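Nothing here was measured: the structure is a model prediction, and the numbers come from that model. Each chain gets a letter, A, B and so on, in the order its sequence line appears, and its residues count up from 1.
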Amino acid sequence: MRLKKMFLPTLKESPADAEVASHRLMVRAGMIRRVAAGVYSLLPLGLRVVRNVERIVREEMTRAGAQEVTMPFVLPAELWKESGRWEVYGKEMLRFRDRHDREFCLAPTHEEAITDMVRGEVRSYRELPVNLYQIQTKFRDEIRPRFGLMRAREFIMKDAYSFHATEESAEEEYRNMYETYSRIFERCGLEFRAVEAETGPIGGSFSHEFMVLADTGEDAVASCTGCGYAANIERAEIGGRPRGSTRVVTEPGKIEKVSTPGMKSVEEVSGFLKVRPSALIKTLIYTTESGVIAALVRGDCELNESKLKRVLGTATLVLADEETVKQATGAPVGFAGPVGLKIPVYADRGVKDITSGVTGANEADAHLVNVVPGRDFDATYADLRVVREGDPCPRCAAAFEIRRGIEVGHIFKLGTKYSEAMGATFLDEKGVERPLIMGCYGIGIGRTAAAAIEQNHDDYGIIWPAPLSPFHCHMVPVNVNDRETLEVSERLYSELVEQGCEVLYDDRDERAGVKFKDADLIGIPVRITISSRTIAQGSVEVKERSSGEVRLVRIEDVARDIRGLFDKGKN
RNA sequence: CGGGGCGUGGCGCAGUCUGGUAGCGCACCUGCUUUGGGAGCAGGGAGUCGGAGGUUCGAAUCCUCUCGCCCCGACCA
């Protein structure tokens, strides 16, 4: 592609609204342009990258035995009413009416659509299993779209749905998809982790998220340095005894009330009473659909609401409002404690290790000291806190490390939630009608491209992993007004194109500096610089974007040299 | 939804407090010079100041309403 003819508007300055590298660089490199909040156009360069991700995804999905379909972006309300999600989905689903006043939505996901597609057609266990996928636009009316393609409202997603006669078959496909996803992100050249995840509102029994590791990731991933167990920080279990627990040798004294006027937070109380935060027992009052409960964690720890929810088995869990706290504890917010509480008390296991703790006294401006779990209050103990760096792994007790990640893929075992609700059944070997067992597997295509940049860039611009790069190589004739330079360049360009190399050829009459800056910004892995200076020695420069390494290559060898490079990058 | 902020040539911004000829940098066009890391000089084109209403002799600037956007938080694949 000749740059002179290409629609590639690069920017010297960064857009004001771009906070993260991928967003900033995608705009500056002329890949995307914003049309509305969370809604973007893909320019030629951006589309080429997206197509690369799609290509890898298609190849691997096909290899895994899945078949491509497409389903509509606009879906009728009836489907969602059947599954019960028309009411449940909330404002994330953009709804509207057509001219006949019929209700529709922009598809935020396609479980209903695929179940509808399959239910009429699959009748027998002989036709199972089947895995269907599409690469399609979705719309989720995010409260706060941000970070460009990373968290857009309209976005491209690969979503696959599998249907099975048996649990074993569903689990086998789950493993198959796990392997497939690992291959996909490996082929994209990304550093990632497959982590255990919360299932969220899509439902289902268990799931894994695929996280591209990057410091700017929105999620935190706890991964074990010993055995490779990895989990979303929302879910990560903590093994053994927590680090830094306060085991005190001295006999605990008698429980005692002390005055702590206006001291509510852990910092205030521990500072005021001159005790370490780890000696405090933080008491949080929550409202659930089955009543008010208290949850305890050590003062230096953070409660993990997902874990608490799972232990309680409740669907809703919200911090109680002031009024409720007052009713439950008899004290204003900030002075709750487990001693004498009449509501169920749940405590993190770390609390048990506190031999002489400080808690709220359930009255204004007072705390209790020398509080001993077991002696002064009872609680149901469980793993309830958020994992921290260095905590022990539940499998092998080695230390966890916490890293940031960008969720690019998610696989779920769905079970029969949708097939039952929507009557998608088949006849088994015995002629018994049973609901189809489903799995669902998503990859954010645009987000994967963004994550690749987030993970691979420097101060000058993008550094594409070769498999995602919009071009194989970038040719820069330093001065197109120099006859010899132009001749060599044109010849090289034809030669490279001839052998199937995708070349971005900067044939513009610009100064060298301008072209170099653009080349660094766009981030194609290999740059070929042609100038009279090296032509005099019969060669051109080949520069690697990632390392900055420059080699002189004889003109007649360039085509072969570059071919070697991009064959190696192919996979 | 709560809190904070912003809408001024394509992009980044100043001007608004204190009303009086719409400005700067980048980008763009023309010419000359320059040509290995975002060139120099000269000339030029381009803006209903987000929109509507009001106050005023006069509004980018003051008032009212409205639309859009951004940031922090709650929420989320």
Side-chain angles (χ1 to χ4, degrees), chain A residues 9-20 23-24 27-28 30 33-39 89-93 107-111 138-159 195 197-204 207-211 217-219 232 234 305-306 316-319 405-412 440-448 451 459-461 476-482 485-486 506 508-521 527-535 540-541 543 548 550:
Chain A
T10 57
L11 261 35
K12 238 187 245 190
E13 290 171 281
S14 287
D17 56 351
E19 306 170 80
V20 298
H23 184 192
R24 199 170 56 236
V27 173
R28 283 194 55 209
R33 287 292 183 267
R34 198 186 70 92
V35 175
V39 178
Y89 219 103
K91 290 196 188 151
E92 256 194 29
M93 185 152 75
T109 177
H110 282 84
E111 282 84 7
K138 307 249 185 276
F139 193 93
R140 294 186 192 167
D141 200 356
E142 288 275 344
I143 297 170
R144 191 143 95 80
R146 55 187 138 175
F147 306 147
L149 292 197
M150 195 94 97
R151 203 178 174 70
R153 292 194 295 171
E154 185 184 296
F155 58 101
I156 304 169
M157 185 166 166
K158 188 284 306 183
D159 49 328
V195 310
E198 288 296 322
T199 46
I202 292 184
S207 84
H208 281 86
E209 287 168 343
F210 287 76
M211 300 276 203
E218 287 192 89
D219 292 291
N232 191 306
E234 289 279 289
E305 294 189 358
S306 307
T316 52
L317 179 75
V318 280
L319 266 177
I406 299 160
E407 182 191 344
V408 289
H410 205 156
I411 58 180
F412 297 86
C440 125
Y441 320 93
I443 290 179
I445 301 288
R447 187 182 273 190
T448 300
D459 291 346
Y460 302 103
V476 180
V478 157
N479 180 0
V480 292
N481 297 316
D482 178 71
T485 301
L486 192 63
D506 195 346
R508 294 174 302 172
D509 183 10
E510 284 287 353
R511 302 171 63 83
V514 173
K515 297 187 183 188
F516 291 151
K517 290 288 181 192
D518 271 344
D520 288 344
L521 176 62
R527 187 183 90 192
I528 306 171
T529 311
I530 302 99
S531 79
S532 51
R533 211 152 82 185
T534 56
I535 290 175
V540 298
E541 279 174 24
K543 181 176 180 182
V550 179

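- Comparing A:K91 and A:G444 by the nucleotide of RNA chain B that holds the closest heavy atom to each, the one mapping nearer the 5' end is A:K91.
- Residue A:A512 places its side chain closer to B:rG36 than to any other of B:rG36, B:rC26, B:rA77.
- Of the listed nucleotides (B:rG38, B:rA77, B:rC75), B:rG38 has the atom at the smallest distance from the side chain of A:K12.
- For A:R508 and B:rG38, a side-chain-to-base donor-acceptor distance below 3.5 Å is absent, hydrogens and geometry of angles not being considered.
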Review point. Is there a salt bridge (charged side-chain N to carboxylate O under 4.0 Å, His left out) between A:E218 and A:R151 once you walk through the steps?
Key: CA-CA 10 Å; A:E218 287 192 89; A:R151 203 178 174 70; 3.4 Å; yes

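- For B:rC71, one of the phosphate oxygens OP1 or OP2 lies less than 4.0 angstrom from a side-chain nitrogen or oxygen of A:R144.
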Practice item. Apply side chain to side chain contact (heavy atoms under 4.5 Å, CB included) to the pair A:V478 and A:R533, showing each step before the final yes or no. Key: CA-CA 10 Å; A:V478 157; A:R533 211 152 82 185; over 6 Å; no

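- Checked against B:rA77, B:rG36, B:rC69, the side chain of A:R151 finds its nearest nucleotide in B:rA77.
- Two residues are said to be in side-chain contact when any heavy atoms from C-beta on lie closer than 4.5 Å; A:K515 and A:R508 meet this criterion.
- Out of B:rC72, B:rG36, B:rG38, the shortest distance to the side chain of A:T529 is found at B:rG36.
- Looking at heavy-atom distances under 4.0 Å, A:E541 makes contact with a base.
- Residue A:D482 is out of contact with every strand shown, counting any heavy-atom pair closer than 4.0 Å.
- Checking A:E142 against A:G38, the closest nucleotide of RNA chain B that is more toward the 5' end is the one next to A:G38.
- Residue A:R140 places its side chain closer to B:rA77 than to any other of B:rA77, B:rG12, B:rG36.
- Taking only distance into account, the side chain of A:E13 meets the base of B:rG25 through a donor-acceptor pair shorter than 3.5 Å.
- When all heavy atoms of A:G442 and A:M157 are compared, the closest pair comes out as CA-CE, 3.8 Å.
- When each of B:rG36, B:rC70, B:rA74 is scored by its nearest atom to the side-chain atoms of A:T534, the top-ranked nucleotide is B:rG36.
- Residue A:R33 is classed as having no contact, given no heavy-atom separation below 4.0 Å to the nucleic acid.
- At a cut-off of 3.5 angstrom, counting only N and O atoms as typed in the model, there is no donor on one side facing an acceptor on the other between the side-chain of A:K543 and the base of B:rG36.
- For B:rU48, there is no paired base (Watson-Crick or G-U wobble, both distances below 3.5 Å).
- Of the nucleotides present, B:rG68 is the one that pairs with B:rC6 by Watson-Crick or G-U wobble criteria, both distances under 3.5 Å.
- With rounding to the nearest 0.5 Å, the separation of CG in A:D518 from NZ in A:K12 is 9.5 Å.
- When heavy atoms are screened at a 4.0 angstrom cut-off, A:E407 is found touching the sugar-phosphate backbone but no base atom.
- Using a 4.0 Å heavy-atom cutoff across all strands shown, A:E92 reaches sugar-phosphate atoms only and no base atom.
- In this structure, the side chain of A:R33 engages the main chain of A:V27 through a donor-acceptor pair within 3.5 Å.
- An OP1 or OP2 oxygen of B:rG37 is reached within less than 4.0 angstrom by no side-chain nitrogen or oxygen of A:K515.
- Comparing B:rC1, B:rA77, B:rG25 by their closest approach to the side chain of A:F412 singles out B:rA77.
- For the residue pair A:S532 and A:D482, no side-chain donor N or O sits within less than 3.5 Å of a side-chain acceptor on the partner.
- When both distances must be under 3.5 Å, the Watson-Crick or G-U wobble mate of B:rG43 is B:rC29.
- In this structure, A:R511 does not reach the B:rG40 phosphate: none of its side-chain N or O atoms is under 4.0 Å from OP1 or OP2.
- Between A:R34 and B:rC69, a side-chain N or O to OP1/OP2 separation shorter than 4.0 Å is absent.
- In this structure, A:A152 reaches the bases: a heavy-atom distance under 4.0 Å links it to at least one base atom across the strands shown.
- Taking the side chain of A:S531 as heavy atoms from C-beta on, and the options B:rA77, B:rG36, B:rC13, the nearest nucleotide is B:rG36.
- Among the nucleotides B:rG37, B:rG36, B:rA77, the one closest to the side chain of A:D520 is B:rG37.
- Of the candidate nucleotides B:rA39, B:rC70, B:rG36, B:rA39 has the atom nearest to the side chain of A:V514.
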